[in-house]
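Have a look at the structure below before the remarks.
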Number of protein chains: 2
Amino acid sequence: MSSLYDVAELAGVSKTLVSRVINGQKGVSDKSKEKILSAMKELNYTPNAIARSLVLQKTHIIGVVLDNLCEPYFFDLIKGIEHSITKSDYDVIFCSGRNSMELKSKYIKFLSQGRADGVIIYGSSLSDEKLIKELSVSNFPFIVVENEVEGVNINNVVVDNAFGSKLAIEHLVEIGCRNIYHVTGDMTIKASVDRRDGYIKAMQNNGFTVNSNMILMADFSVESGYEAVKAFIEKNGTDQLPDAFYFGADTTAFGGMMALEDYSIRIPEDIKIVGFDNDKPHDIDRKLKKLTTLSQPLYKMGESAVNMLISDINHITPEKQKLLYYPELIIRETTRE
Amino acid sequence: MSSLYDVAELAGVSKTLVSRVINGQKGVSDKSKEKILSAMKELNYTPNAIARSLVLQKTHIIGVVLDNLCEPYFFDLIKGIEHSITKSDYDVIFCSGRNSMELKSKYIKFLSQGRADGVIIYGSSLSDEKLIKELSVSNFPFIVVENEVEGVNINNVVVDNAFGSKLAIEHLVEIGCRNIYHVTGDMTIKASVDRRDGYIKAMQNNGFTVNSNMILMADFSVESGYEAVKAFIEKNGTDQLPDAFYFGADTTAFGGMMALEDYSIRIPEDIKIVGFDNDKPHDIDRKLKKLTTLSQPLYKMGESAVNMLISDINHITPEKQKLLYYPELIIRETTRE
DNA sequence: TTGTACGCGTTATCAG
DNA sequence: CTGATAACGCGTACAA
């Protein structure tokens, strides 16, 4: 690998001139420029970005750390980020936590050690909080998408999950449901907690009381949704069904709908279903009804995250910012006769 | 941001000792170590990876440049890469070309300018060749997955697409097909060309001649598959169908199967279908038959790519390596009565 | 065990 | 227009 110095030597000029040519700056005679250009060609010279970053104290890189890259759920977020990045003078690199907290934390450190000017972190897990609090004292620019972390002043793009629950319950009540159950998502994820709490509150605001037996525990897997509903039916029978199941996640809802199908319970005639996340169904074998769900504006959240982070990096906004998005109710077949 | 020098000053020792503590090296008294550690804490010191890379001439980073991150097709490749990386002492970062050659090329340059020790490039497009030839003169370590580039000596993990066509045709012939048509994938992609050429050759080897009207042009989209088959039927009627359609991609095949369904043509009774790629079906609305297809070992290819690249980086293997994988035929409902 | 001094490849300042 | 020279933050011979 030849360096700027090698080019200067071969061209018979100083490093200063070479640097100017590389960066397209004024102050180089045509003759020198020519010599430099041909020297660069001859040596197959490539500027070293690392050295450049060191002296400039700037990488022009924004890092993105996701829980897992292999997850279609993140596609909209990624696309939103990419779209905003294109309009900026930054480059993005992506790192995957592969569903491991340690790895995620490692990559955040990795990027914050000077390898990026700022980091976008998708944080949904409750256990992210410790990591984020640590990072927030380092005054390295970063922004957390999805998770709201209490007690720390950070850049944050969040979605009001409880509001989503409110929309779901109000919709179900409006179409005549009275006895509405909730099947949770993964309760180590903050969003799941907020959705459940939002469910309870929305039920109360509509004049219903929620007993603990009205909340079925599951996680984000299709299987858990299937098992939760199946166990419920086996315990209570098919004549003790609620008017509706409100699931904490679409994946879980898909599983639940399969269980209902196995017991020949008709959707939406016998029971209404609402999910959360606006996922594409995974299972081609079953012809599931199209699911009424709540959609998070992940694309917009990605865009905003980039913009907010860049303005933080450049100290355009001295204060940390927080942006709240609202989920949108998408009514489909599972709540429509 | 405090530097190693700040820590040394606060601890009242030299930079050398601080450096040793950071890197866990011997040769520091317990007393000094303590002072240094507490100084690091007090200053909230984080080592600067950029400076470190500069002096060490090593980043311990492997970059991966994909055509597009938002594409489930790459999941297996990514997982394979990640798996091998975990067992190494490298970190991975991912960059997305967002389906743009320029962007892809930009990110390859970006990484090769000292920001990574080596790059894994997924290259499927024919137009990648120019870019790859350029890179190959720079002696920067890299490996190309999928595309075979003629005339240059590079690290390469490829899959024998023509062999896949051979498997497909032999399978179809074996179950009684004589009149086998081909619907191409995106012909700007080298794999599509190889699959078509493999189809022609395999047909000839089985004693059939291929006329140009037996090859329908499409790309990788579901729509193109649908349109290609629909146009064919509208032109030739439903009584002039071939025994089988061999598609250059599963996505295309899904589209084609939908078109056949629209004309009430039964699969596999009336016509057999073989695809390529072993994709998951996208469309939940249709209850498509499970598709016989060819599976590429992308996971293994990802693993191998990492290993080969690392041994290139460390000059373990002086020569460039080339690894050839074979697709595997997965027989499902569309060729089974 | 400790510290000094130099170099990694760049950019920027300031004379000439 | 040109060229020394000093940084950027770190690792490492080498010397003490």
Side-chain angles (χ1 to χ4, degrees), chain A residues 1-37 39-40 43-61 89 109-117 138 140, chain B residues 1-37 39-40 43-61 109-117 138-140:
Chain A
M1 268 290 109
S2 51
S3 74
L4 182 149
Y5 178 79
D6 301 325
V7 175
E9 194 149 79
L10 181 62
V13 297
S14 73
K15 297 190 297 178
T16 307
L17 293 191
V18 179
S19 176
R20 286 201 185 140
V21 169
I22 294 169
N23 298 304
Q25 293 169 5
K26 285 284 153 206
V28 187
S29 66
D30 286 350
K31 214 175 80 185
S32 296
K33 191 169 179 178
E34 236 173 80
K35 284 192 291 185
I36 291 169
L37 251 20
M40 281 172 43
L43 293 174
N44 210 303
Y45 169 74
T46 319
N48 185 315
I50 290 288
R52 200 157 194 281
S53 295
L54 181 60
V55 61
L56 257 25
Q57 299 286 61
K58 201 135 187 14
T59 62
H60 279 274
I61 296 175
D89 59 341
K109 278 213 187 86
F110 170 85
L111 290 168
S112 69
Q113 291 177 341
R115 283 186 253 248
D117 291 342
S138 76
F140 177 78
Chain B
M1 269 287 114
S2 51
S3 75
L4 183 150
Y5 178 79
D6 300 325
V7 175
E9 193 151 80
L10 181 61
V13 297
S14 75
K15 296 189 299 178
T16 307
L17 293 191
V18 179
S19 177
R20 287 199 183 141
V21 169
I22 292 169
N23 297 306
Q25 293 169 5
K26 286 283 153 206
V28 187
S29 68
D30 287 351
K31 215 175 81 185
S32 296
K33 192 169 179 178
E34 234 173 81
K35 283 192 292 185
I36 292 169
L37 251 22
M40 280 171 45
L43 293 174
N44 210 301
Y45 169 73
T46 318
N48 185 316
I50 289 288
R52 202 159 191 280
S53 295
L54 182 59
V55 62
L56 256 26
Q57 299 285 62
K58 202 140 187 11
T59 62
H60 279 274
I61 296 175
K109 279 212 186 86
F110 170 85
L111 290 167
S112 70
Q113 291 178 340
R115 282 186 255 248
D117 290 343
S138 76
N139 75 46
F140 177 79

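By convention in this document, chain letters (A, B, ...) are assigned in the order of the sequence lines, proteins followed by strands, and residues within each chain are numbered from 1. If you're wondering where the values come from, they're calculated on a predicted model, not measured in any experiment.
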Practice item. List the steps and the verdict of side chain to side chain donor-acceptor pair (under 3.5 Å) for R52(A) and N23(A). Key: CA-CA 11 Å; R52(A) 200 157 194 281; N23(A) 298 304; 2.7 Å; yes

Review point. Any N or O donor-acceptor pair linking the side chain of K15(A) to the base of dT10(C) at under 3.5 Å?
Key: yes

Review point. Could you give the CD-to-C1' distance, from E9(A) to dG9(C), as a whole number of Å?
Key: 14 Å

Exercise for review: Using atom CG of L17(A) as one end and atom P of dA4(D) as the other, report the distance to the nearest whole Å.
Suggested key: 10 Å

Review point. Tell me: CG of L4(B) to C1' of dA7(D), nearest whole Å?
Key: 16 Å

Check your understanding: So what does S29(A) hit on the nucleic acid, given a heavy-atom distance under 4.0 Å: a base, only sugar-phosphate, or nothing?
Key -> sugar-phosphate

Exercise for review: Just call it for S32(B): base, sugar-phosphate, or nothing, with non-hydrogen atoms closer than 4.0 Å on any strand.
Suggested key: sugar-phosphate

Review point. Which part of the nucleic acid, if any, lies within reach of V28(A) when heavy atoms closer than 4.0 Å are counted: base, sugar-phosphate only, or nothing?
Key: sugar-phosphate

Check your understanding: Does the dA4(D) base have a donor-acceptor partner in the side chain of T16(A) within less than 3.5 Å?
Key -> yes

Review point. What is the nucleic acid contact for T46(A), judged by heavy atoms within less than 4.0 Å: base, sugar-phosphate only, or nothing?
Key: sugar-phosphate

Revision key, fill the gap. Note: for G12(A) and L54(B) on DNA chain D, the residue whose nearest nucleotide lies more 5' is G12(A)

Check your understanding: Any sub-3.5 Å donor-acceptor pair from S53(B)'s side-chain atoms to A49(B)'s backbone N or O?
Key -> yes

Exercise for review: Please name the residue in the list V18(B), L37(B), V21(B) that meets the side-chain contact (heavy atoms from CB on, under 4.5 Å) test with V7(B).
Suggested key: V18(B)

Check your understanding: Would one find a side-chain N or O of Q57(B) under 4.0 angstrom from OP1 or OP2 of dG9(C)?
Key -> yes

Practice item. Find the distance K58(A):NZ to dA12(C):C1' and express it as a whole number of Å. Key: 18 Å

Practice item. Grab the CD1-P distance between I50(A) and dC10(D) for me, whole Å please. Key: 14 Å

Check your understanding: Do side-chain atoms of D117(A) reach the backbone of T59(A) as a donor and acceptor pair under 3.5 angstrom?
Key -> yes

Practice item. Answer with base, sugar-phosphate or nothing: what part of the nucleic acid does Q25(B) contact at a heavy-atom distance below 4.0 Å? Key: sugar-phosphate

Study note, to complete from the structure: Separation between CG (N44(B)) and OG (S2(B)), nearest 0.5 Å, reads 7.0 Å

**Study point:** Interatomic distance where CG belongs to L56(A) and P belongs to dG9(D) [whole Å]
**Key:** 12 Å

Review point. Hey, which of these two, R20(B) or R52(B), hits DNA chain D nearer its 5' end, going by closest nucleotide?
Key: R52(B)

Point to revise | Spacing of N23(B) atom CG relative to dT12(D) atom C1', expressed in whole Å | key: 11 Å

Exercise for review: Send over the distance from Y5(A) OH to dC8(C) P, rounded to a whole Å.
Suggested key: 10 Å

Exercise for review: Verify the contact: side-chain N or O of S3(B) to OP1 or OP2 of dG9(D), cut-off strictly under 4.0 Å; return yes or no.
Suggested key: no

